Amino acid sequence: MDINLTIDNFLDTLLGDVVKKVNGIDETVPGIEKTNLGMCFYQSLKNKVFPAEFEANISKGFIKINSLDKPELTKFIGDDAWKDGWFTWEHTLNEKQILHLIVIYRLSYLQHCYPDKFDEIKDIPSSTNMNEYFSKSKEELQDEYNKVKVNVGAN
């Protein structure tokens, strides 16, 4: 599993890009939702946010990010975006897609923070981008979620 390919594949498959004029030339750039979800995922992983906390910060329609990265992120989103120590972004993911995102976060967290524990997980897809998860039902994704126990660093 390649963490970058996995989250990029997830975001690219579910969320589109937009065409934006840059110096008078049309350029394709990631949409705001894609950028925000990617930023939240990467910042959470970088800061070793426990999977249980990441999961608690995403619900249908919204995902929150802690102010730990406020100085770094402020240059991208502005200082006025922070309220009550959190920034909350809206998203359009459904329940199955949220579960999919949580499963790949749990796997990424283990691979990033505890590679030996990641290597112990049985029967995870062998592809580098985890594309197999798109064809799974919500129940099958729940089974994958249950399989990815994060005993180290909080579940």
Side-chain angles (χ1 to χ4, degrees), residues 1-18 28-73 76-77 81-82 84-155:
M1 177 181 139
D2 180 303
I3 294 170
N4 291 329
L5 286 176
T6 299
I7 187 60
D8 288 349
N9 182 49
F10 175 83
L11 295 170
D12 288 342
T13 301
L14 297 178
L15 303 168
D17 294 327
V18 296
T28 303
V29 296
I32 291 172
E33 181 178 8
K34 183 191 257 187
T35 301
N36 290 346
L37 283 171
M39 190 180 329
C40 191
F41 187 93
Y42 285 116
Q43 291 297 323
S44 296
L45 197 57
K46 176 183 141 196
N47 292 319
K48 298 181 181 177
V49 170
F50 295 143
E53 184 180 344
F54 181 84
E55 186 174 343
N57 289 337
I58 186 167
S59 60
K60 192 161 182 178
F62 299 97
I63 189 165
K64 297 188 309 186
I65 189 168
N66 193 310
S67 62
L68 188 62
D69 289 315
K70 184 176 179 181
E72 182 180 344
L73 295 177
F76 298 108
I77 62 174
W82 297 93
D84 301 326
W86 293 87
F87 185 76
T88 303
W89 282 296
E90 291 184 22
H91 67 77
T92 60
L93 302 180
N94 63 34
E95 289 179 15
K96 178 183 172 191
Q97 294 163 338
I98 291 170
L99 181 57
H100 185 161
L101 181 63
I102 290 169
V103 169
I104 61 176
Y105 184 80
R106 284 173 168 247
L107 288 168
S108 298
Y109 177 85
L110 282 175
Q111 188 180 44
H112 180 69
C113 301
Y114 301 98
D116 55 321
K117 297 292 182 188
F118 176 83
D119 291 340
E120 294 174 7
I121 301 170
K122 305 283 187 238
D123 303 322
I124 59 170
S126 59
S127 68
T128 55
N129 66 3
M130 306 304 273
N131 202 45
E132 298 87 343
Y133 284 150
F134 286 106
S135 62
K136 293 190 180 286
S137 68
K138 187 175 175 187
E139 292 74 24
E140 290 170 319
L141 279 172
Q142 186 64 50
D143 289 342
E144 294 294 311
Y145 171 90
N146 294 338
K147 187 174 21 177
V148 185
K149 297 289 184 204
V150 184
N151 297 327
V152 203
N155 199 13

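A quick note: this is a predicted structure, and the numbers were derived from the prediction, not measured. Quick note: residue numbers are just sequence positions, from 1.
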**Request:** Just do the side chain to side chain contact (heavy atoms under 4.5 Å, CB included) check on Ile104 and Phe41 with the steps written out, would you?
**Result:** CA-CA 10 Å; Ile104 61 176; Phe41 187 93; 4.3 Å; yes
**Message:** Test side chain to side chain contact (heavy atoms under 4.5 Å, CB included) on Leu101 and Ile7; report intermediate values, then the result.
**Reply:** CA-CA 8 Å; Leu101 181 63; Ile7 187 60; 3.7 Å; yes
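- Across all their heavy atoms, Asp123 and Lys147 have their closest contact at O-NZ, 2.9 Å.
- Distance alone, capped at 3.5 Å, places no donor-acceptor pair between the Glu120 side chain and the Lys117 backbone.
- In this structure Lys34 satisfies the salt bridge (charged side-chain N to carboxylate O under 4.0 Å, His left out) test together with Asp12, Asp17, sequence neighbours excluded.
- Scanning both residues, Met130 and Pro125, for their nearest heavy atoms gives CE-CD, 3.7 Å.
- When atom types are taken as modelled, the side chain of Arg106 and the backbone of Val148 share a donor-acceptor pair closer than 3.5 angstrom.
- Below 30°, between 30° and 60°, or above 60°: for Tyr133 and His100 the angle between ring planes is above 60°, a perpendicular geometry.
- Partners of Lys48 under the side chain to side chain donor-acceptor pair (under 3.5 Å) rule, at least two apart in sequence or in another chain, do not exist in this structure.
- No side-chain heavy atom of Val18 sits under 4.5 Å from any side-chain heavy atom of Thr28.
- Looking at Ser135, its side chain does come within 3.5 Å of a backbone N or O of Glu132 through a donor-acceptor pair.
- Remark: side-chain polar atoms of Asn47 are not paired, donor with acceptor, to backbone N or O of Val49 under 3.5 angstrom.
- Expressed to the nearest 0.5 Å, how far NZ of Lys138 lies from CD1 of Ile98 amounts to 9.0 Å.
- Atom CD of Glu139 is separated from atom CG of Leu99 by 10.0 Å, given to the nearest 0.5 angstrom.
- Distance alone, capped at 3.5 Å, places no donor-acceptor pair between the Asn9 side chain and the Leu5 backbone.
- The line from CG of Leu37 to CD1 of Ile58 is 6.5 Å long, rounded to the nearest 0.5 Å.
- Pairing each heavy atom of Thr35 with each of Pro30, the nearest pair is OG1-CB, 3.6 Å.
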**Item:** side chain to side chain contact (heavy atoms under 4.5 Å, CB included) assessment of Tyr109 paired with Phe118
**Value:** CA-CA 9 Å; Tyr109 177 85; Phe118 176 83; over 6 Å; no
**Message:** Run the side chain to side chain donor-acceptor pair (under 3.5 Å) test on Tyr145 and Glu140 for me, step by step, so that the C-alpha distance in whole Å, both residues' side-chain angles and the decisive distance to 0.1 Å come before the verdict.
**Reply:** CA-CA 9 Å; Tyr145 171 90; Glu140 290 170 319; over 6 Å; no
**Request:** Go through the steps for Asn4 and Tyr42 under the test side chain to side chain contact (heavy atoms under 4.5 Å, CB included), then give the verdict.
**Result:** CA-CA 9 Å; Asn4 291 329; Tyr42 285 116; 3.3 Å; yes
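- Taking OG from Ser108 and CG from Leu45, the interatomic distance works out to 6.0 Å, rounded to the nearest 0.5 Å.
- Taking Glu33 as the reference, Thr92 meet the side chain to side chain donor-acceptor pair (under 3.5 Å) condition, with sequence neighbours excluded.
- Within the 4.5 Å cutoff, side-chain heavy atoms of Ile32 are placed close to those of Asn36.
- Using modelled atom types, one side-chain atom of Tyr105 and one backbone atom of Ser44 make a donor-acceptor pair closer than 3.5 Å.
- Note that CG of Leu141 is 7.5 Å distant from NZ of Lys136, once rounded to the nearest 0.5 Å.
- Residue Met39 holds its CE atom at 11.5 Å from CD1 of Ile63, rounded to the nearest 0.5 Å.
- Under the 3.5 Å distance criterion, the side-chain polar atoms of Gln43 are left unmatched by any main-chain donor or acceptor of Cys40.
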